[in-house]
Protein chains: 2
Amino acid sequence: MVHGTSAGAGTGGATPGPAGPRAPLTRERVLARAVAIADEQGLAALTMRSLAQALDVKPMSLYHHVAGKDAILDGIVDVVFGEMELPEPGGDWRAELARRARSARSVLRRHPWAVPLLESRAVPGPANLRHHEAVLATLRDAGFSVPMTAHAYALLDAFVYGFAVQEAALPFDAGSAPQVAEAIAAQFSSGDFPRMTELAVEHVMQPGYDFGDEFEYGLGVILDALAASLPGD
Amino acid sequence: MVHGTSAGAGTGGATPGPAGPRAPLTRERVLARAVAIADEQGLAALTMRSLAQALDVKPMSLYHHVAGKDAILDGIVDVVFGEMELPEPGGDWRAELARRARSARSVLRRHPWAVPLLESRAVPGPANLRHHEAVLATLRDAGFSVPMTAHAYALLDAFVYGFAVQEAALPFDAGSAPQVAEAIAAQFSSGDFPRMTELAVEHVMQPGYDFGDEFEYGLGVILDALAASLPGD
DNA sequence: CTACCGTGACTTACTAAGTACGGCTGCGCA
DNA sequence: TGCGCAGCCGTACTTAGTAAGTCACGGTAG
């Protein structure tokens with residue numbers, strides 16, 4: 001405790017002094033820090049205590065701004081949704097949905113801890129709702145029927161989420177891919193898994209391979225299929 | 001503790017008597033119970049203590065069969081993979097992959113807690129490896145090139161996993177769908193989300209709607225696209 | 001100027017969970 | 001018969017979430 005018992009923050013309350021006598025601690029600040037901790041040290045490192053310490057505050061103070069840890073998890077999921085670009089309902093639906101899908105993928109790649117949370121948090125936040133609404137509006141404005149919109153929506157989101165799950169499960173970042181792949185390959189070099197070995201050695205471990213390219217392939221397949229089902233096309 | 005301090009179980013050790021003086025506690029038994037607990041009470045209810053109690057054993061005894069909680073999580077993920085039907089590499093690739101996809105979906109629906117674990121467990125278990133190998137072999141035997149196999153594999157699995165994420169996020173089971181949907185609809189009946197309301201009221205809440213049907217649509221789209229990319233077709 | 005009160009942060013302490021460490025017991029083998 | 005080991009248990013330490021009560025400050029009414 002470098003700022004004294006309580007006198008440090010009490011001078012004005014709003015003056016952001018040199019040694020940073022901390023801003024008044026809002027829900028937004030709490031969630032932003034929580035996202036930062038999860039990004040940097042993983043979701044497991046996000047505890048009420050670590051979060052409080054990062055905000056230069058005692059754990060129980062957080063409860064004045066969020067209802068509890070679950071509320072924080074709900075909140076940071078919605079922060080993540082808020083970072084995704086929304087499609088523009090009026091324009092070129094294909095381009096808009098592609099842009100939105102790529103943005104969602106890159107956001108989920110930046111926050112891989114969010115992927116498992118998408119599932120466990122049943123109550124959607126406002127950014128989540130806005131996001132879904134924009135996608136639905138884009139599809140409907142493009143001329144898709146309601147049932148076809150449901151199909152398209154489910155398929156697109158399944159792909160985006162599923163791809164995020166796969167990327168999050170990749171044990172290596174781009175730089176260390178070869179070594180790790182080799183280590184894994186060594187595990188099943190016994191010949192028990194010839195097809196996996198083939199794929200790894202002949203393709204995935206080759207220089208220039210980027211798993212992210214699979215995203216463009218899948219996205220193209222899906223958007224092509226949707227376009228083909230559009231009556232006016 | 002109704003069975004006394006320790007005398008109850010010590011009589012024979014192997015005789016599965018009437019009051020069930022418990023089998024010798026193996027890794028398999030531990031994992032099976034863990035799966036059962038997660039199925040019945042959710043992943044959060046799976047603790048070393050609850051697991052031990054369900055096995056009529058003290059917590060620390062578990063550590064003689066599994067390295068720790070993480071090992072249990074790895075283990076039950078692999079149990080889940082083991083429940084999925086494998087595709088037959090020789091046969092009709094489209095039918096085999098469809099069967100495998102449907103099986104995977106139904107398994108993940110039965111064990112929704114497994115979906116977030118798929119992501120966080122980087123080290124694949126034996127059933128997982130077998131599963132991937134079988135899918136890859138089916139694709140290669142069908143005539144897909146190695147790069148195309150990578151595309152197909154990523155797309156198929158992204159869809160299956162993503163669909164599982166969506167299903168796991170559904171806040172209701174089939175029976176209670178209408179009420180919950182109505183409650184949610186009431187939340188945004190303010191008119192802020194007209195497209196979501198439209199979709200919910202005109203389609204999802206209609207009798208006979210089953211989100212699972214979206215799976216068949218998406219699966220068909222993907223398999224059609226893969227078939228179209230096959231040279232000999 | 002003073003009494004009052006609401007807000008926000010702090011202190012303490014309880015409970016649940018994972019697990020390290022060491023002890024006890026009964027069975028197989030020499 | 002005795003010895004070692006596998007399997008189980010008891011105790012206790014550590015971390016995490018959070019309930020409950022307390023304190024300091026600032027604004028406002030009298």
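Please read all numbers here as calculations on a predicted model, not as lab measurements. So you know, we letter chains A, B, ... as the sequences are listed, proteins then strands, and number each from 1.
- For L86(B), the side chain to side chain contact (heavy atoms under 4.5 Å, CB included) partners two or more places apart in sequence, or in a different chain, are H131(B), A134(B).
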Strictly under 3.5 Å: I want the nitrogen or oxygen pairs between protein and nucleotides 4-7 of chain C, one per line.
none

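- Atom C1' of nucleotide dA17(C) and atom CG of L43(B) are separated by 14 Å, given to the nearest angstrom.
- When rounded to the nearest whole Å, the span between NZ of K58(B) and P of dA17(C) equals 15 Å.
- T149(A) places no side-chain N or O within donor-acceptor distance of the main-chain N or O of L139(A), the cut-off being under 3.5 Å.
- R102(A) pairs by the side chain to side chain donor-acceptor pair (under 3.5 Å) definition with E216(A), not counting sequence neighbours.
- For the OP1/OP2 pair of dA9(C) and a distance below 4.0 Å, the side-chain nitrogens and oxygens of H65(A) include at least one atom meeting the criterion.
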Which donor-acceptor pairs under 3.5 Å do side chains of residues 32-41 of chain B form with protein atoms, sequence neighbours excluded?
residue	atom	partner	partner atom	Å
R33(B)	NE	A54(B)	O	3.2
D39(B)	OD1	H111(B)	ND1	2.7
D39(B)	OD1	W113(B)	NE1	2.7
D39(B)	OD2	H111(B)	ND1	3.1

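- Protein atom CG of L51(A) is 13 Å distant from nucleotide atom C1' of dA16(D), rounded to whole Å.
- Remark: H64(A) engages no residue in a ring pair (Phe, Tyr, Trp, His ring centres under 6.0 Å) (not counting sequence neighbours).
- Following rounding to the nearest Å, R27(B) (CZ) and dG7(D) (P) show an atom-to-atom distance of 14 Å.
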I'd like a list of close polar pairs between nucleotides 19-22 of chain C and the protein, N/O only, cut-off under 3.5 Å.
residue	atom	partner	partner atom	Å
dT19(C)	OP2	Y63(B)	OH	2.8
dT19(C)	OP2	K69(B)	N	3.0
dT19(C)	O5'	Y63(B)	OH	3.3

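- The phosphate of dG7(D) (OP1 or OP2) has no side-chain N or O of S61(B) nearer than 4.0 angstrom.
- L46(B) has its CG atom 12 Å from the C1' atom of dG18(C), to the nearest Å.
- A search for side chain to side chain contact (heavy atoms under 4.5 Å, CB included) contacts involving D70(A) returns L73(A), R121(A), not counting sequence neighbours.
- With rounding to whole Å, L62(B) atom CG is found 15 Å from dG10(D) atom C1'.
- Not a single side chain to side chain donor-acceptor pair (under 3.5 Å) links D78(B) to another residue, sequence neighbours left out.
- When side chains are defined from C-beta on, F159(A) does not count as touching F159(B), because their heavy atoms never get closer than 4.5 Å.
- By the side chain to side chain donor-acceptor pair (under 3.5 Å) test, Y63(A) pairs with no residue at all, sequence neighbours left out.
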